[in-house]
**Student:** 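Below are the structure tokens for one structure; questions will follow.
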Amino acid sequence: MGRSPCCEEEGLKKGPWTPEEDKKLVEYIQNHGHGSWRALPKSAGLNRCGKSCRLRWTNYLRPDIRRGKFSDEEERLIINLHSALGNKWSAIAARLPGRTDNEIKNYWNTHLKKKLLHMGIDPLTHARGLTLACSPISRACLPPPTSATCRRVLGVLTTHSGFMQTQLRRPESRFCRAYFKL
DNA sequence: AATACACTCAACCGCACCACC
DNA sequence: GGGTGGTGCGGTTGAGTGTAT
């Protein structure tokens, strides 16, 4: 028998946090420290699992978090660190004071990947020329992007297609412009 | 103005790792 | 050494919002 996941207890709330919940969590941690995350929700009077509380605190409520746009310097640092460390978001975040791993991961996936592709750099290897190792998948087999999930799947598939390999070497091509909104 | 499409990011999930017994 | 519990990490999802048609 494996261990039971922490969030399986019935009745625990999921989804977006309310200002009241945030207030409870911040006040509790300021007064008592977080201690055991598993025990925290009960002590703090929150109907959440400990994991959810930890995530909310580390990614959003911590007082040392710096929010807002990433500077050019931060952007360069993320790209350099990613080329050295790969998807070690927590290690990258440790070098950027006030930024969380989640925030950096999101920024990478939504902005920097596209930016590197546009520059003709493979975001996986940071090599110029986009030499992706992959098996060919026919463009004709791919469905039109009809939803966010579908587009993400499509992104994975096309990133690994021979067709894309060819097209991505030409970031100015009509294909790349259309797919990456360049 | 209504609808469809595209983008962002907070939050969740599952797994791996570590400490403790 | 093996089992269990707690925590952290990376990948993924989907609601909310913005933009285009």
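What's counted below: heavy atoms across the whole structure, side chains too, no hydrogens, waters or symmetry copies.
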**Student:** Find the distance A/Glu103:CD to B/dA10:C1' and express it as a whole number of Å.
**Tutor:** 11 Å
**Student:** Taking atom C1' of B/dC7 as reference, at what distance in whole Å does atom NZ of A/Lys105 sit?
**Tutor:**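 It works out to 18 Å between those atoms.
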**Student:** Hey, is NZ on A/Lys13 packed in by over 12 heavy atoms from elsewhere, all under 6.0 Å?
**Tutor:**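 More than 12 within 6.0 Å, yes.
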**Student:** Could you give the CZ-to-P distance, from A/Arg99 to B/dC9, as a whole number of Å?
**Tutor:** 11 Å
**Student:** Are A/Ile92 and A/Leu55 co-members of a hydrophobic cluster defined by side-chain heavy atoms under 4.5 Å apart?
**Tutor:** no
**Student:** Can you tell me if A/Tyr107 and A/Glu74 form a side-chain donor-acceptor pair at under 3.5 Å?
**Tutor:**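 There is no such pair (donor and acceptor under 3.5 Å, judged by atom type) between the side chains of A/Tyr107 and A/Glu74.
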**Student:** A/Lys51 has a side chain; which of C/dG10, B/dC13, C/dT12 sits nearest to it?
**Tutor:**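 Minimum distance to the A/Lys51 side chain belongs to B/dC13.
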**Student:** Using only modelled atom types and a 3.5 angstrom limit, is any donor from either the side chain of A/Asn106 or the base of B/dA10 paired with an acceptor on the other?
**Tutor:** yes
**Student:** Using the ring pair (Phe, Tyr, Trp, His ring centres under 6.0 Å) rule, take A/Trp57 and A/His34 through it: C-alpha gap first, then chi angles, then the decisive distance, then the call.
**Tutor:** CA-CA 9 Å; A/Trp57 173 257; A/His34 63 72; 8.1 Å; no
**Student:** Looking at A/Trp37, does any N or O in its side chain come under 4.0 Å of the phosphate oxygens OP1/OP2 on C/dG8?
**Tutor:**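 A/Trp37 to C/dG8 OP1/OP2: side-chain N or O found under 4.0 Å.
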**Student:** Counting only distance, no hydrogens or angles, is the base of C/dG5 paired donor-acceptor with the side chain of A/Arg38 under 3.5 Å?
**Tutor:**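 No pair found.
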**Student:** Can you tell which of C/dT7, B/dA10, B/dT8 lies closest to the side chain of A/Thr110?
**Tutor:**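 The closest nucleotide is B/dT8.
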